[in-house]
Amino acid sequence: MDKFGKLTSVAAPLPLINIDTDMIIPARFLKTIKRTGLGADLFSTLRFNEDGSDRDDFVLNQPAYKNAEILVTGENFGCGSSREHAPWALMDFGIKCVIAPSFADIFYNNSFKNGMLLIKLPPEDMTKLMDDAERGANATVTVDLEAQEITGPDGGVIKFEINAFKKHCLLNGLDDIGLTLQKDDKIDDFEARQKAIQLW
Amino acid sequence: MSEAKTLYDKIWDAHIVDEQVDGTCLVYIDRHLVHEVTSPQAFEGLRNSGRKVRRTDKTLAVADHNVPTTDRSAGIENEESRIQVEALEKNCADFDIELYSMDDIRQGICHVVGPEQGFTLPGTTLVCGDSHTATHGAFGAMAFGIGTSEVEHVLATQTLLLTKCRNMRVTVNGELPLGITAKDMILAVIGKIGTAGGNGAAIEFTGEAFQSLSMEGRMTVCNMTIEGGARVGLFAPDETTFEYLKGRPKSPKAGAWETAVEYWKTLKTDERAVFDEEIIMDAADIKPQVTWGTSPEDVTTIDGHVPNPADETDKNRRHKMERSLEYMGLEADMAMKDIKIDTAFIGSCTNSRLEDMRAAAAVAKGRKIADGVRALVVPGSGLIKELAEQEGLDKIFTEAGFEWREAGCSMCLAMNADKLVPGERSASTSNRNFEGRQGPGGRTHLVSPAMAAAAAIAGHLTDVSDLD
Ligand code: SF4
């Protein structure tokens with residue numbers, strides 16, 4: 001997993017609430033057995049017309065935001081499916097950080113496991129950031145995970161909270177499985193204890 | 001005296017392998033269901049790092065999302081679907097995991113198969129790479145959906161890193177009115193709390209109306225817990241649970257059975273336990289439910305009307321509502337019963353069990369579906385299909401004009417050939433009415449099995465009691 005340090009990028013505003021995983025990547029694109037390549041169909045319905053051409057009104061199609069690595073969006077982002085294709089599609093497209101007032105639980109966990117940073121902010125900060133993001137190519141924002149700070153285009157700083165363990169893993173690009181396997185003896189102990197009391 | 005605990009607390013505490021300073025816990029996983037869509041990348045990961053599956057005896061695989069529900073003798077036509085199913089077969093063979101393949105009578109939707117085989121047991125932790133895993137909570141199991149990275153984590157370590165959910169309880173008091181189903185109950189709950197109302201929570205369902213439900217009904221309720229945002233849904237195991245499990249292929253055998261039941265009986269919330277949030281409803285207030293929009297919280301009663309965005313004061317919500325109505329092709333204030341349908345779908349892990357088949361058949365019996373309507377009945381597993389056929393339900397359906405299919409997810413998410421075409425409208429017993437869920441441009445109204453059958457016959461949404 002790649003390490004996440006400091007990220008400076010244009011932030012794309014997508015002020016919709018309840019963006020579900022089927023909107024992020026519709027189920028018909030999930031028939032892959034690989035993790036890569038899903039970015040091409042990210043936000044498919046919002047992003048493309050029926051004939052496959054770009055919809056000009058969609059933020060990530062606009063020149064200023066085409067290379068955005070940060071997405072600023074509405075509450076309950078990522079609700080719906082547990083399929084990890086949603087974070088894979090976002091990451092494959094190039095989004096490394098999503099900022100919203102709230103996220104759906106499973107999507108939240110899945111994203112961190114793939115090295116994507118999700119930041120929850122209170123409404124006041126969201127309004128400010130959404131305004132900043134709407135400034136197009138001038139909307140460059142810096143996210144500093146170590147310092148837990150977001151710096152806006154005019155230098156204003158917003159602090160954010162994050163679970164210490166998630167932060168540690170992201171900063172160091174640590175793989176969960178490797179970490180857990182170091183606790184193998186504890187898992188053995190647990191299994192032995194359970195086996196002693198559960199005969200079925 | 002030890003502090004009072006909820007059912008969820010008890011199961012959680014019994015599975016902690018290790019606790020980190022920040023409160024994140026390494027939790028032991030007793031049961032793991034694997035299907036073809038969310039597992040290939042996990043097996044790819046295991047191979048790349050030279051890791052093995054730690055407990056193949058606690059892992060069970062079944063292909064469900066992509067399988068055709070028509071004649072299977074020729075295999076799967078769609079190449080990508082076939083590749084996923086073949087990848088699952090190869091992975092199970094390579095890693096020595098038990099698999100119910102497409103031509104096995106035990107094959108079906110993973111959340112139907114687990115309970116049916118007695119793989120799902122009270123007090124266990126159970127996961128699957130599918131958000132509707134909460135279904136298994138009907139047995140008093142701590143069951144939840146996980147992503148592919150976590151699937152890989154469980155395969156390799158039989159554990160997961162988790163933070164504990166908050167405790168929430170939904171009580172429905174009183175006796176359930178005649179004709180009101182588990183589906184109506186859970187839709188009514190979601191309508192009340194919203195799709196994010198249960199975020200971060202484990203919800204225990206209790207009260208007379210919930211407790212009187214069969215295992216099938218309880219599974220319907222827990223299945224849709226996730227649509228209310230909660231991770232886990234739970235029913236305390238009781239005689240109904242034990243009765244259902246006794247004699248299932250993977251249930252504890254005689255001798256061990258008695259000790260198991262004894263332990264399962266301790267799995268209930270202590271009287272003095274305190275929940276972080278309580279919702280209390282009255283069964284008498286629950287009417288037959290139907291959704292109008294593109295989120296399960298967009299729900300009203302069958303006697304109700306499509307809401308009017310002009311009445312919504314919150315700007316974001318009004319915007320979402322307008323968008324939903326446009327997508328759904330509905331006018332504000334129109335009567336729900338005036339909404340015509342093209343398709344009825346009876347199936348999915350929410351409502352594809354024998355009891356659901358019976359409820360729909362009772363409505364279909366001696367009637368005919370409306371002209372121009374297509375109606376699909378897709379049983380949840382090969383075994384359910386067989387039982388239903390023994391009762392003659394397939395005849396009732398086909399005589400009424402319904403198609404009787406092989407088991408699978410089918411039109412619930414339209415990954416196989418069963419899907420809506422743009423603009424088509426369905427009355428569906430599944431769990432999600434998201435945009436494009438049942439096919440691009442498809443419009444979904446979530447209902448109970450009896451209501452879906454009634455809609456197929458009337459040609460529009462209707463209450464069962466309105467049929468002649
Ligand atoms: S029936 Fe639908 S919700 Fe259930 S597992 Fe299949 S696709 Fe998922």
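Protein chains get the first letters and strands the later ones, always in sequence-line order, with residue 1 at the start of each.
Here the straight-line distance linking atom OG of S295(B) with atom CG of D20(A) works out to 8.0 Å at 0.5 Å rounding. Rounded to the nearest 0.5 Å, atoms OG1 (T157(B)) and CG (L181(A)) are 6.5 Å apart.
In the model, E75(A) has no side-chain atom that pairs as donor or acceptor with a side-chain atom of N316(B) under 3.5 Å.
Neither the backbone nor the side chain of E79(B) has a heavy atom closer than 4.5 Å to any heavy atom of chain A. For F103(A), the part sitting under 4.5 Å from any heavy atom of chain B is the backbone (N, CA, C, O) and nothing else. The contact between T24(B) and chain A is made entirely by side chain atoms (from C-beta outward), counting heavy-atom distances below 4.5 Å. For K250(B), no part lies near chain A; criterion is any non-hydrogen pair under 4.5 Å. H319(B) touches chain A through its side chain: at least one heavy atom from C-beta onward sits under 4.5 Å away, while N, CA, C and O do not. Contacts between D30(B) and chain A at a heavy-atom distance below 4.5 Å involve the side chain alone, from C-beta outward. Heavy-atom distances place the backbone of A14(B), and not its side chain, under 4.5 Å from chain A. Residue Q438(B): no heavy atom, backbone or side chain, is found under 4.5 Å from chain A. The contact between L121(B) and chain A is made entirely by side chain atoms (from C-beta outward), counting heavy-atom distances below 4.5 Å. Using a 4.5 Å cut-off between heavy atoms, F144(B) does not touch chain A at all.
You'll find the side chain of T148(B) reaches within 4.5 Å of the side chain of W88(A), heavy atoms only. A heavy-atom distance below 4.5 Å is not found between the side chains of F434(B) and M23(A). The closest side-chain heavy-atom distance from I106(A) to S131(B) is below 4.5 Å.
Of the residues considered (R432(B), R437(B), E435(B), K320(B)), R432(B) shows the highest number of contacts with chain A, using heavy-atom pairs under 4.5 Å.
Contact check on D18(B) versus K186(A) returns a salt bridge, with a Lys/Arg side-chain nitrogen under 4.0 Å from an Asp/Glu carboxylate oxygen. Under the 4.0 Å criterion applied to side-chain N and carboxylate O atoms, R51(B) and D184(A) are not assigned as salt-bridge partners. For E191(A) and R54(B), the salt-bridge test passes: some basic side-chain N is under 4.0 Å from an acidic carboxylate O.
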